[in-house]
Protein chains: 2
Amino acid sequence: MRDMEATRREMWEAMGFFPDNCPIRMVLDHVAAKWTLLVLLELQAKPMRFNALGRALPDISKRMLTQTLRDLERDGIVTREVFDTKPPSVEYALTDMGRSLMGPLLGLVDWAERHMDPIRDAQRVYDAA
Amino acid sequence: MRDMEATRREMWEAMGFFPDNCPIRMVLDHVAAKWTLLVLLELQAKPMRFNALGRALPDISKRMLTQTLRDLERDGIVTREVFDTKPPSVEYALTDMGRSLMGPLLGLVDWAERHMDPIRDAQRVYDAA
DNA sequence: CGGGAAAGTCTCATATTGAGACCTATACCC
DNA sequence: GGGTATAGGTCTCAATATGAGACTTTCCCG
């Protein structure tokens, strides 16, 4: 944002600003990623297999579903368990930490449901102007 | 996701699935957008002008700051007020609806702070394997 | 007179996402 | 036996979104 010559990075560091070290950003970048929330809402209902998640969220691509699940697994929010069936199936489930995230997340969803009408109204007013 | 011939859109509609009509997605797509949360956290502290926000969040581009603020304004979450100074300055502030969003949002931030250590640990374990 | 600040916009360049083919192995249908 | 489907992905290429940074206009400051 700042208009200067040096690289952004150098400037920030000179200012004592390190986005990579900011825990809030680190966590939020994952939680607020495009598909994370929808996937977690599905898994909250019950553990699910890869394709079941895909069917529940028809507008996610396999590519992003894979990536979202891998990120969540890496963060310790979901587990990935392979079953030795033919063909092998893979089940994803929330960890304890994942379940502890659902409280705050459902708070957001609740707000969204409550405010969708006022938001739609605000958008109409804005777009009319 | 589904592998079939017809367009995605047609399939969803045949299945009674309309992502555009889903209030949760509509709201969440905005709230979970890349910069929304950080901007809102700044505005929660106090109303701020455009460049002040830019300085507070040095790694956002003017382009995205503008767009994020416009989206929030359109949703009725922030107000944009132009002051007739020379040169004119513009102040952004939370609306009542915006303030009502901070509760759920701070719940998330709080979770993030609490769990950043376990998450880092989980990542280390995952990356080591 | 030179320079900076205000809040953007505009044009590229780069990064992220989506669409959809492809893969391996098994099992069911007729 | 041949065609088709399932499972859980990966791979490539195209579309979209974001970032970097130049440019704008009007003023005030030294």
Side-chain angles (χ1 to χ4, degrees), chain A residues 1-12 19 25 29-30 32-39 42-43 47-73 78-93, chain B residues 1-12 19-20 25 29-30 32-39 42-43 47-74 78-93:
Chain A
M1 180 69 196
R2 201 57 144 201
D3 296 345
M4 288 176 74
E5 320 129 34
T7 66
R8 297 276 203 100
R9 201 48 150 242
E10 286 165 9
M11 290 166 31
W12 300 341
R25 287 177 179 235
D29 276 359
H30 289 185
K34 193 161 187 182
W35 296 104
T36 304
L37 212 126
L38 266 352
V39 168
E42 292 297 331
L43 290 182
M48 278 204 229
R49 284 175 302 109
F50 184 85
N51 283 332
L53 280 166
R55 278 186 291 268
L57 273 11
D59 56 345
I60 189 173
S61 62
K62 289 175 179 230
R63 203 177 154 286
M64 286 316 290
L65 181 53
T66 302
Q67 186 176 311
T68 301
L69 288 167
R70 289 279 183 282
D71 286 348
L72 289 171
E73 187 192 357
V78 309
T79 54
R80 174 175 186 279
E81 189 176 3
V82 180
F83 290 95
D84 195 17
T85 54
K86 312 284 179 97
S89 51
V90 180
E91 187 170 82
Y92 293 92
Chain B
M1 181 73 195
R2 197 68 139 195
D3 296 345
M4 288 177 74
E5 321 131 32
T7 66
R8 296 276 203 102
R9 200 48 149 242
E10 287 165 8
M11 290 167 33
W12 300 338
D20 290 355
R25 288 178 178 231
D29 276 358
H30 290 184
K34 195 162 185 181
W35 296 104
T36 302
L37 211 123
L38 266 353
V39 167
E42 292 297 330
L43 289 182
M48 277 204 233
R49 283 177 300 109
F50 184 85
N51 282 333
L53 280 167
R55 277 185 292 269
L57 274 12
D59 56 345
I60 188 174
S61 63
K62 289 172 179 233
R63 202 177 154 287
M64 286 316 290
L65 181 53
T66 300
Q67 186 176 311
T68 303
L69 287 168
R70 290 277 184 282
D71 286 347
L72 289 171
E73 188 193 355
R74 186 170 107 99
V78 308
T79 55
R80 175 176 184 277
E81 188 175 3
V82 181
F83 290 95
D84 194 20
T85 55
K86 309 288 180 88
S89 51
V90 179
E91 187 170 84
Y92 293 91

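Below, chain A is the first sequence line, B the second, and so on; all start at residue 1. For clarity, every value in this text was computed on a predicted model and none was experimentally measured.
- Note: CG (B:Asp59) to C1' (D:dT18) measures 13 Å, nearest angstrom.
- Considering B:Asp71, B:Val39, B:Leu72 in turn, B:Leu72 is the only one that fulfils the side chain to side chain contact (heavy atoms under 4.5 Å, CB included) rule with B:Val78.
- Contact annotation: B:Lys86 does not reach the phosphate of D:dT25 (side-chain N/O to OP1 or OP2, under 4.0 Å).
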Could you write out each protein N or O paired with an N or O of nucleotides 3-7 of chain C at a distance under 3.5 Å?
residue, atom, partner, partner atom, Å
C:dA6, OP2, B:Asn51, ND2, 3.2
C:dA6, O5', B:Asn51, ND2, 3.4
C:dA7, OP1, B:Val90, N, 3.0
C:dA7, OP1, B:Val90, O, 3.3
C:dA7, OP2, B:Asn51, N, 3.0
C:dA7, OP2, B:Asn51, ND2, 3.1

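- Rounded to whole Å, atom C1' of C:dA15 lies 12 Å from atom CE of A:Met64.
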Practice task
Determine, step by step, whether B:Trp35 and B:Leu69 satisfy the side chain to side chain contact (heavy atoms under 4.5 Å, CB included) criterion, reporting the C-alpha distance in whole Å, the side-chain angles of both residues, the deciding distance to 0.1 Å, and the verdict.
Solution key: CA-CA 10 Å; B:Trp35 296 104; B:Leu69 287 168; over 6 Å; no
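- Looking only at distances, no side-chain donor or acceptor of A:Thr36 sits under 3.5 Å from a matching main-chain atom of A:Ala32.
- One interatomic measurement links the two molecules: CG of A:Asp84 to C1' of C:dT26, which rounds to 13 Å at whole-angstrom precision.
- Distances shown here put every side-chain N or O of B:Trp35 at or beyond 4.0 Å from the OP1 or OP2 atom of D:dA17.
- The CZ-P distance, from A:Arg63 to C:dC23, rounds to 19 Å in whole Å.
- In this structure, A:Gln67 atom CD and D:dG9 atom C1' are separated by 14 Å, rounded to whole Å.
- Between the P atom of D:dA17 and the NZ atom of B:Lys34 lies a distance of 13 Å, rounded to the nearest Å.
- Taking atom CD of A:Glu81 as the reference point, atom C1' of D:dA7 lies 16 Å away to the nearest angstrom.
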